[in-house]
Protein chains: 2
Amino acid sequence: MGERRRRRPTKSGVVLSEDVIIECAVRLIGHHGAEALTVRRLGAALGCDPTAVYRYFRGTDDLLLAIADFLIGETLAGYRPGPDWVASLRELGLRVRDGHLRHPRVATVAAARVTRRHNEFRAVELGVSLLLSAGFSPADAARYYHVFIDTVLAHAALEASYAALAPEVREADDRAWEETYRRLPATDYPAIGAVRPHLGAGMSGSPFEDVLDLLLESLARRV
Amino acid sequence: MGERRRRRPTKSGVVLSEDVIIECAVRLIGHHGAEALTVRRLGAALGCDPTAVYRYFRGTDDLLLAIADFLIGETLAGYRPGPDWVASLRELGLRVRDGHLRHPRVATVAAARVTRRHNEFRAVELGVSLLLSAGFSPADAARYYHVFIDTVLAHAALEASYAALAPEVREADDRAWEETYRRLPATDYPAIGAVRPHLGAGMSGSPFEDVLDLLLESLARRV
DNA sequence: AGAATTACGTCAATGGTGTTGACGTAAGGT
DNA sequence: ACCTTACGTCAACACCATTGACGTAATTCT
């Protein structure tokens, strides 16, 4: 993939480029759901032959990684840490999670393979400097940054892979908490029976903020 | 899907059952990767027509849930909670993580799902009863069970997806991580520079136990 | 014991997917 | 105005999940 390209307009008049393709792919995922990102549909949305994409990316995987890089930049755009390190870390965590949820299918792939580029360096620098400013020793700052970012990424990836499920599958899983668990006999499952009224509301929701707050609370106590 | 079945041996002489299919699928995923689990390959491995699987499972998703539940059962086998609820939850968390790491490729696909099957019921019953015995109200027990199990599953899935990478990819990843961060200029990234000697050690290890302990510590304080 | 029923393994077919290789045209440098 | 070649197009391939029809063998009923 050389630096200079001769661009020929497609049949429908669009001039392709890596950026045009990435933006179109992101739009496709955001508008029509995660499963809409197929080479054929991407070609249709771009107004070109599906295989034209292979002139710019080696394959689906390569394209997904490129999109992931785009996503990281989007996540960090406009973030400014404040004076309170707990609040700042909290917002950083929420931002990472939002970015993952906005493009869940990309997130599930990017979580497995960590793409180390400029924007990730910025995130590490931010998190570590916040912990240092909190008063942690360099050793503890490194250790707890690891704890913090892994927890955030792990939960974000888990939520993302859930959000990446086909809508009907996801709804069936949600309904399972409401219906299946409500019908379990209290004789076989006494604890579930005792907790039953509270099962549906909390279970299908996300514990992300609870987890984040519990973690930051523990960190604040250890500083 | 009735209770009793008339089993007819396949062309190659194998007698099918749900368990036979699930075990074969787990073996297939463990040996050739999650993407190797297709109906056709499963049929080939079983020695039957691919569509015979549809006599036992409604579709791919149903089969996947059964596999996930099989994994939970394996994880729970032999587990007995002790008198100390914190220690019991800790061991439960470690067991879940071990189970996921033992079948990383299954885990990456299954972690975010609700299996709606027997073994999952057992796990929920266990966790909730431990939190109830700790003194939490039913509402808090349900809420914090969700917090606990999601944290454990999220970290386990993240570690599993890392473990599922091809060895050469994983090693290349580690090397890139060490080298990349060593070369980052301290002028642009002062915090990373200050923490550098501690960064490598923390990154190669897992923060799972740190996270687990921090979480249980917070829970114990809230009871 | 023999007939009836039906579970279930098999086959054929449909419409989706990613990816490859050949082809020709139009764009850009000279 | 050439010549080169980038790249959009097309056809084809190999796979995928899933469905419906079909026949047979295994159980069940009389």
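Convention: sequence-line order gives letters A, B, ...; per-chain numbering from 1.
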Are the aromatic ring centres of B:Tyr181 and A:Phe121 under 6.0 angstrom apart?
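Yes, ring centres under 6.0 Å apart.
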Applying salt bridge (Lys or Arg N to Asp or Glu O under 4.0 Å), name anything that partners B:Glu91, two or more places apart in sequence or on another chain.
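Residues passing salt bridge (Lys or Arg N to Asp or Glu O under 4.0 Å) with B:Glu91: B:Arg95.
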Rounded to the nearest Å, what distance is computed from the [atom1] atom of residue [X] to the [atom2] atom of nucleotide [N]?
X: B:Arg55; N: D:dA25; atom1: CZ; atom2: P; result: 16 Å
X: A:Leu42; N: D:dT9; atom1: CG; atom2: P; result: 13 Å
X: B:Leu46; N: C:dT10; atom1: CG; atom2: C1'; result: 15 Å
X: B:Phe57; N: C:dA7; atom1: CZ; atom2: P; result: 18 Å
X: B:Tyr56; N: D:dT18; atom1: OH; atom2: C1'; result: 18 Å

Which atom of B:Ile72 lies closest to which atom of B:Asn119, heavy atoms considered:
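In this case the closest contact between B:Ile72 and B:Asn119 is CG2-O, 3.5 Å.
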Looking at CG of B:Leu212 and CG of B:Leu89, how far apart are the two atoms once the value is rounded to the nearest 0.5 Å?
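It is 8.5 Å, given to the nearest 0.5 Å.
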Just wondering, do A:His103 and A:Glu74 contact through their side chains at under 4.5 Å, heavy atoms?
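Sidechains of A:His103 and A:Glu74: in contact.
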Please determine whether a side-chain nitrogen of the Lys or Arg among [X] and [Y] lies less than 4.0 Å from a carboxylate oxygen of the Asp or Glu.
X: A:Arg90; Y: A:Glu209; answer: yes
X: B:Asp49; Y: B:Arg55; answer: no
X: B:Arg113; Y: B:Asp61; answer: yes

Nucleotides 12-20 of chain C: protein proximity per nucleotide (B base, S sugar-phosphate only, - neither; heavy atom, under 4.0 Å):
B----BBBB
Axial bend angle, the helix from C:dA1-D:dT30 to C:dT30-D:dA1: five-pair end segments, nearest 10°
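Taking five pairs per end, the axes differ by 20°.
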